[in-house]
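Lettering follows sequence order; numbering is per chain, from 1. On a predicted model such as this, the values are computed, not experimentally measured, just so you know.
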Protein chains: 2
Amino acid sequence: MAADCCDMRGMLSFLLLFLLSKKPMHGQQLAAELGKRKGCRPSPGTIYPALKALKEAGLIAEKRQGKTITYRLTPAGSRALRVAKARFCRTFTGLFP
Amino acid sequence: MAADCCDMRGMLSFLLLFLLSKKPMHGQQLAAELGKRKGCRPSPGTIYPALKALKEAGLIAEKRQGKTITYRLTPAGSRALRVAKARFCRTFTGLFP
DNA sequence: CTCCAAATATTGGATGTACGATATTTGTCT
DNA sequence: AGACAAATATCGTACATCCAATATTTGGAG
């Protein structure tokens, strides 16, 4: 995640946290949801490294179920999402007047 | 700008286009506005390369006035902003239910 | 004219996001 | 067991963004 307050990078991580806050999902579900929102589906080479970084940062946790791995927010992930939402809101106010 | 529909990169360019659509500004004004929105002010090494790329893409135009350079959207920049806004909206729907 | 401050610009190094290709794990079907 | 598909994972490369530091241009003050 973007720890830096000036960083426009980290939007993918932010979106992943947001999607997982609505419902625990596995990687391909996340890819499909991103595809629906953005117009085309991200590569495995995009999605899995991002999930790995979030996991290593302690913001998401995983549980293996057969072939798939279901990701969910940790308490730290929930807190990080709340902070990121506030910053996002402040950054983009006025976009749709 | 991000031409790719899957790309979360290009958010800074998007914000710059948005700010310039409200009012033509020069570089330091843009930096100050970003600082107000994001919580800390971007470096010159962030802002000027981004403006240069937007200029070379034909999305903004510049006019020198003494010490400062005032940037404004070109017609192509307005069109690009409209498209980017629509995608942004679709991507982040449901963030604040 | 000279010095200074403000605005603009560039450089080097780091990180996040992106794709295509390839590899690995796992469950299912025969 | 062996073949296959789906999900997960990694690799190499490219690019947008980021900062700190430094350089350049410009207008104004002394």
Using whole Å, report how far CG of A:L17 lies from C1' of C:dG16. 14 Å
Tell whether B:R9 reaches the base of D:dT17 with its side chain through a donor-acceptor pair below 3.5 angstrom. no
Contacts of type side chain to side chain donor-acceptor pair (under 3.5 Å), residue B:E56, not counting sequence neighbours: none
Is there a continuous path of hydrophobic side-chain contacts, each under 4.5 Å between heavy atoms, that joins B:L95 to A:L54? yes
Without decimals, in angstroms, what is the distance between B:L16 CG and D:dA16 C1'? 12 Å
Can you name the atoms? Protein N/O to nucleotides 8-13 of chain D N/O, anything below 3.5 Å, with the distance.
| residue | atom | partner | partner atom | Å |
| --- | --- | --- | --- | --- |
| D:dT8 | OP1 | A:I69 | N | 2.8 |
| D:dT8 | OP1 | A:I69 | O | 3.3 |
| D:dT8 | OP2 | A:G27 | N | 3.3 |
| D:dT8 | OP2 | A:Q28 | N | 3.0 |
| D:dT8 | OP2 | A:Y48 | OH | 2.8 |
| D:dT8 | O5' | A:Y48 | OH | 3.3 |
| D:dA9 | OP2 | A:Y71 | OH | 3.2 |
| D:dT10 | O4 | A:G45 | N | 3.4 |

Taking only residues at least two apart or on different chains, which pairs with a member in residues 72-85 of chain B satisfy salt bridge (charged side-chain N to carboxylate O under 4.0 Å, His left out)? none
So ring pair (Phe, Tyr, Trp, His ring centres under 6.0 Å) across residues 75-95 of chain A, not counting sequence neighbours, yields A:F14-A:F88, A:F88-A:F92, A:F88-B:F88, A:F88-B:F92, A:F92-B:F88
Could you note down all residue pairs passing side chain to side chain donor-acceptor pair (under 3.5 Å) where residues 24-33 of chain A supplies at least one of them, sequence neighbours left out? A:H26-A:Q29, A:Q28-A:R41, A:Q28-A:Y48, A:E33-A:R37
Can you tell me the distance, in whole Å, between the CD1 atom of B:I47 and the P atom of C:dT8? 10 Å
Report the distance from atom NZ of B:K38 to atom P of D:dC19, rounded to the nearest whole Å. 7 Å
Between D:dG27 (C1') and B:Q65 (CD): distance, integer Å: 14 Å
Mind calculating the distance between CG (B:L30) and P (C:dA6) to the nearest angstrom? 19 Å
Give the rounded distance in Å between these two atoms: CG of A:D7 and P of D:dC19. 7 Å
Under 3.5 Å, side-chain donor or acceptor atoms of residues 15-25 of chain A against the rest of the protein: list the pairs with distances, not counting sequence neighbours.
| residue | atom | partner | partner atom | Å |
| --- | --- | --- | --- | --- |
| A:S21 | OG | A:F18 | O | 2.6 |

Figure out the CZ/P separation between A:F14 and C:dT15, and round it to whole Å. 23 Å
